[in-house]
Amino acid sequence: MSTITAISTPLGVGGISVIRISGENAITAAAKVFSIFGSKQVADMQGYTCAYGEIVDEGGRSIDDGVLTVFRAPHSYTGEDVCEISCHGGVFVTKKILRLCIAAGCEPAMPGEFTKRAFLNGKLSLTRAEGVADMLSAEGDYALRSAELAKKGRLYERIRAVQDSLIKSLGELAAWVDYPDEDIPEVDEADLLAALEADRAALKKLLRDYDSGMLIKNGIDTVIVGKPNVGKSTLMNLLLGFERSIVTDIAGTTRDVIEESVRLGAVTLKISDTAGIRGTDDAVEKMGVALAKSRLQECALIIAVFDASAPLDEEDRGLLELISSLHKRKLIVLNKTDKAQLVSVSELRNYSDKVIAISAKSGEGRDELSELIESMFTPEDYNADSTVFANERQKLCAERALDCIEQSLTALKSGLTLDAVTVTIDRAAEHLAELTGERASEAVVNEVFSKFCVGK
Ligand code: GDP
């Protein structure tokens, strides 16, 4: 395999930049561009050691001084010989060193190629590799923790446990089916059933966690609803921390849906500020209201806003009834607490146990609001330790495996031959092997690594 090189740190002016080389000729190539101060030679460096020296160009001129770290195969990230040259930031210098490495015989790495080699050399499973890709793009602490755990192989371990259990069942079945004359204990169908049911439960749990995980990772789809003038736009601006939509005193000015992302602690909300839900004759407004209603069906969090300085009217009550009939996470915000209070928090508690009084205008209660929202999604609903799938590919494999387990259970319960049961358990195990990459096709492998950036 060729020896590859890439700049592994973000390009820009920083304290240091790292140029990485991996492959058979990594050390030879590094020796051409890096010269250690003193008498030591790069070729003699042991694995896990560094040396201080200078990076020199073809003419022997010094480009920069830096540190060379050597990793000897197989004890490196990729499993091959790896050299890392740390130099002094700067786009120009870093690119120059990269060009020198290429001149020294290295090929420019493709996106994700270092991690791909690590996978091909058995250094990490496909799920862990996907964890690396995810970490590079994770939003929010929880997403990051989950990605870290995937990289450390927590998902792999959980899948592995199910896989082992399936293989154990298969082993028992195969022995019994293939060697009927041997004195092998008969397969206990009750035990087999129990094992399959446990496997099914484990996969179902993983799939459930995936959905919560997606919420955290991609942002929680949030809708702010309420009559005109209760302060929806003001609340949205408060959450965003800057002026976004035009806030006016004329009822019904927020006609279209505006979407924005906002980080609250560990979670990210994708918020749309909608037209108030109410009966209206105005065509433009109607569209806004219809849009708002359909958004309520789709979203993951409803923030319903009410004006504390005006008694609840028909419209407010209609909205309260509507949201309490939806099986959604919802938060009631009683706004304008800086004015005389005509609506109480306890009145609204009948419709949701999450009620908070704030003044969107003055910002009073903002932190409490942020904490409350964060607590609605963590940690009960999302446990980063229960590592979830990194992507739809993994989820699909798990779903297919679950399907096969269901079929095995049905076959077993309806008294089909153990041969038939064996076939479906075998397929379930195959799908899981595909998930972790033990049996990934080249197409899948390429797909996974194409998501990386160069240098990883
Ligand atoms: P929307 O139609 O629901 O989006 O309401 P707006 O955000 O446009 O607010 C309507 C009016 O209420 C504006 O004049 C805001 O300044 C005012 N408003 C919003 N929040 C508060 C608040 O907490 N206290 C007070 N006193 N006025 C507010």
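All ligand and atom numbering here is 1-based and tracks the order in the structure. Scope of the values below: all heavy atoms of this structure, side chains included, with no hydrogens, waters or symmetry mates. It should be emphasised that the depicted structure is a prediction, and the values quoted were computed from it without experimental measurement.
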Below the 3.5 angstrom mark, is there an N/O of [X], backbone or side chain, next to an N/O of ligand 1?
{"X": "A360", "answer": "yes"}
{"X": "N335", "answer": "yes"}
{"X": "T337", "answer": "no"}
{"X": "K361", "answer": "yes"}
{"X": "G231", "answer": "yes"}

Electrostatic pair R317:E321 at N-O distance under 4.0 angstrom: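 The answer is no: the pair does not qualify as a salt bridge.
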
Please list, in number order, the atoms of ligand 1 under 4.0 Å from a heavy atom of [X].
{"X": "P228", "value": "2 (O)"}
{"X": "K227", "value": "3 (O)"}
{"X": "K339", "value": "26 (N)"}
{"X": "K232", "value": "1 (P), 2 (O), 3 (O), 4 (O), 5 (O), 7 (O)"}

Non-neighbouring partners of Y48 that pass ring pair (Phe, Tyr, Trp, His ring centres under 6.0 Å), sequence neighbours left out: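 Scan of Y48 (ring pair (Phe, Tyr, Trp, His ring centres under 6.0 Å), adjacent residues dropped) gives none.
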
From CA spacing to verdict: side chain to side chain contact (heavy atoms under 4.5 Å, CB included), L396, E399: CA-CA 5 Å; L396 200 66; E399 276 171 351; 3.8 Å; yes

Residue E364 excluded, over 12 heavy atoms near CD under 6.0 Å: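 No, CD of E364 has 12 or fewer neighbouring heavy atoms, counting only those of other groups under 6.0 Å.
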
Side-chain heavy-atom pair L320, L312 within 4.5 angstrom cut-off: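 Side chain of L320 against side chain of L312, heavy atoms only: contact under 4.5 Å found.
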
